[in-house]
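Worksheet: one structure, shown below.
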Amino acid sequence: MTVVDDMRRLEELAISRLLEPLSTDEEEEYAALKARLGQFDDAAIETTLALAHLAVLTAAEPVTRTLRAAVEKDADEFFGNQRTQSSIVAAARTWCNRAFSASSAGWWIGLAASVITLLVLVHRGPEVQGPVAASDVPRPVEVSVAPVVPPPRVAPNIEPKSAPPGGTAVAIGSEWQAFLASHPHAIERAWRAGGDATGERVMGEVAWDEASQTGYMRFVNLRHNEPNAEEYQLWIFDGERDQRYPVDGGVFDVTSSGGEQIVPIHAKLRVRVPLVFAVTVEQPGGVVVSDRSRIAAIANVS
Amino acid sequence: MVGSSSHFADAHPMRTTTPAEPVLLAVARGDRAGVRRCIEKYAPLIWSMARRMSMSSADAEDAVQEIFLDLWRYANRFDPTVGSEKVFVSVLARRRLIERVRHMQRRLAVEQPLEESYLSQLASSSLAENDVEIAEARRILAQLPIPHQEAISLSLVEGLSHGEIAIRLGWPLGTVKTVIRRGILRLKDLIRDPRSHLTKARKR
């Protein structure tokens, strides 16, 4: 057997190998020839087969609308998840920037809040992720940089406007703990200032359980509001929805400043891929579409 | 399917593709318009490949979705200076299809009738008549005896095993293997042959 013969035999085996599994003997022969002959271009064989496949495939058949929609949805998810790493978070930043530019005072307050938040994030170390980090954060550590009013165990000053019928309008601190304990897969992310003065010192977390579509928000230092003048409204950016129309997470009030306040989330629509939670200040009763001019707090999921 | 709106409908791609640009380059940089063009361009091809190498239309649909996910993942590996975009897509599609066939330990039964609904959708349009590379490959394979062409087609397009082809054609198993191997090697040799139109086409 010459080298040429061996190479030809190796090519034959490589072709068969790409078409169906070789027998044990053939696989051993293939490995031995490949080792003996050194460099062998498997890719050339595979490319030739692909080219031959295209050559003998005589007709292209149209795909059904259903299949095309499924492929588009897959692409949507694939590139949407990639976008989570950049543009979605950038959208949240735009929210902040827009709020900062609302007034020079607001800008400086927002900047100060951002610096404080940044310091807090740095201080917290890797457990609290930046806007583009993708790893999950099991449990944020307690914040110890900014001044925090010792949190009471109950928060009777929170009055969600959209509490479910028969449900309590006031969530107590123990419910927060109970929620986390009963929903081990819930995501939990830290709030940061959104640029509006109401949230300049805001801290706390948002917890969301995708399976049950339930969640809670814990706020510290979110400024109280006058319900007759303005109210807070939660928005949830869903990776599978148009980012111009985040899911309404419910309207709520904070009737006294300071302390820990727990608010249940009442998403109006199913949230499939939560990307960003944002609290805005809106007119009494909330709005259908926020102008995003006043953002009190933001929590990035990824 | 989830009935949510598509990102693509409202997407504002950072860059737009040009007609001359390989669509995979646009996909590689996450250009949404490019992704749509890629689906438009290759879905019929991939579907045609998948349906013939799958047990059922549902199985083929799953395969198509998996192949496109592979395309999204590996689009950045495509180098237009090295080879044809369509062949690149075909290589990925074949890998996935073969993996599925082997994983599920099954082959498309020779006798299995095609679903009527899909038969009715057969398009009359030929594949890649304007693709020089593929047209040349077709010309090369057309020089083989017709039974040999049929064996190659059954193997590549229908995904039949050598044993199944032997039964279908009434040939000894060894003959099937030899015919297919030689046919593919002939194509490979002619691709390398500088006299081949294919080589000329690649040099353009």
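The sequence lines fix the lettering, A, B, ..., with proteins before strands; numbering per chain opens at 1. What you see below is based on every heavy atom in this structure, not just the backbone, and it leaves out hydrogens, waters and symmetry mates.
- Separation of atoms CD (A:Glu72) and CZ (B:Arg32) is listed at 12.0 Å; rounding is to 0.5 Å.
- Using a 4.5 Å heavy-atom cutoff, the side chains of A:Ile15 and B:Lys188 are not in contact.
- For the pair B:Arg95 (side chain) and A:Glu46 (backbone), a donor-acceptor distance under 3.5 Å is absent.
- Within the 4.5 Å cutoff, the side chain of A:Val71 has no heavy atoms near those of the B:Glu61 side chain.
- The environment of CZ in B:Arg182 is sparse: at most 12 heavy-atom neighbours from other residues, nucleotides or ligands sit within 6.0 Å.
- Within the 4.5 Å cutoff, the side chain of A:Leu67 has heavy atoms near those of the B:Gln65 side chain.
- If you tally non-hydrogen atom pairs under 4.5 Å between each of A:Asp74, A:Leu13, A:Ile45 and chain B, the highest count goes to A:Asp74.
- Taking OG1 of A:Thr48 as the start and CZ of B:Arg186 as the end, the distance is 14.0 Å to the nearest 0.5 Å.
- Side chains of B:Val157 and A:His53 form a contact here, defined as non-hydrogen atoms less than 4.5 Å apart.
- Residues B:His162 and A:Ser16 share a closest heavy-atom pair of CE1-OG, 4.0 Å.
- For B:Leu185, the parts sitting under 4.5 Å from any heavy atom of chain A are the backbone and the side chain alike.
- To the nearest 0.5 Å, atom OG1 of residue A:Thr47 and atom CZ of residue B:Arg94 are 11.0 Å apart.
- Residues B:Val64 and A:Val63 fail the side-chain proximity criterion, which asks for heavy atoms closer than 4.5 Å.
- For the pair A:Leu51 and B:Val91, the minimum side-chain heavy-atom distance is 4.5 Å or more.
- Here the CG-CZ distance, from B:Asp189 to A:Arg8, works out to 4.5 Å after rounding to the nearest 0.5 Å.
- Contacts of B:Gln149 with chain A are absent, with no heavy-atom separation under 4.5 Å from either backbone or side chain.
- Here the CG atom belonging to A:Leu49 is positioned 5.0 Å from the CD1 atom belonging to B:Ile184, to the nearest 0.5 angstrom.
- Between B:Arg181 and A:Glu11 no salt bridge is recorded (no basic side-chain N to carboxylate O distance below 4.0 Å).
- The shortest non-hydrogen separation linking A:Leu57 to B:Arg138 is O-NH2, 4.0 Å.
- Both the backbone and the side chain of B:Val27 come within less than 4.5 Å of a heavy atom in chain A.
- With a 4.5 Å cut-off on non-hydrogen atoms, B:Ile98 touches chain A through its side chain but not through its backbone.
- Salt bridge present: A:Glu61 and B:Arg52 bring a charged side-chain N and a carboxylate O closer than 4.0 Å.
- Atom CD of residue A:Glu20 and atom CG of residue B:Leu160 lie 10.0 Å apart, to the nearest 0.5 angstrom.
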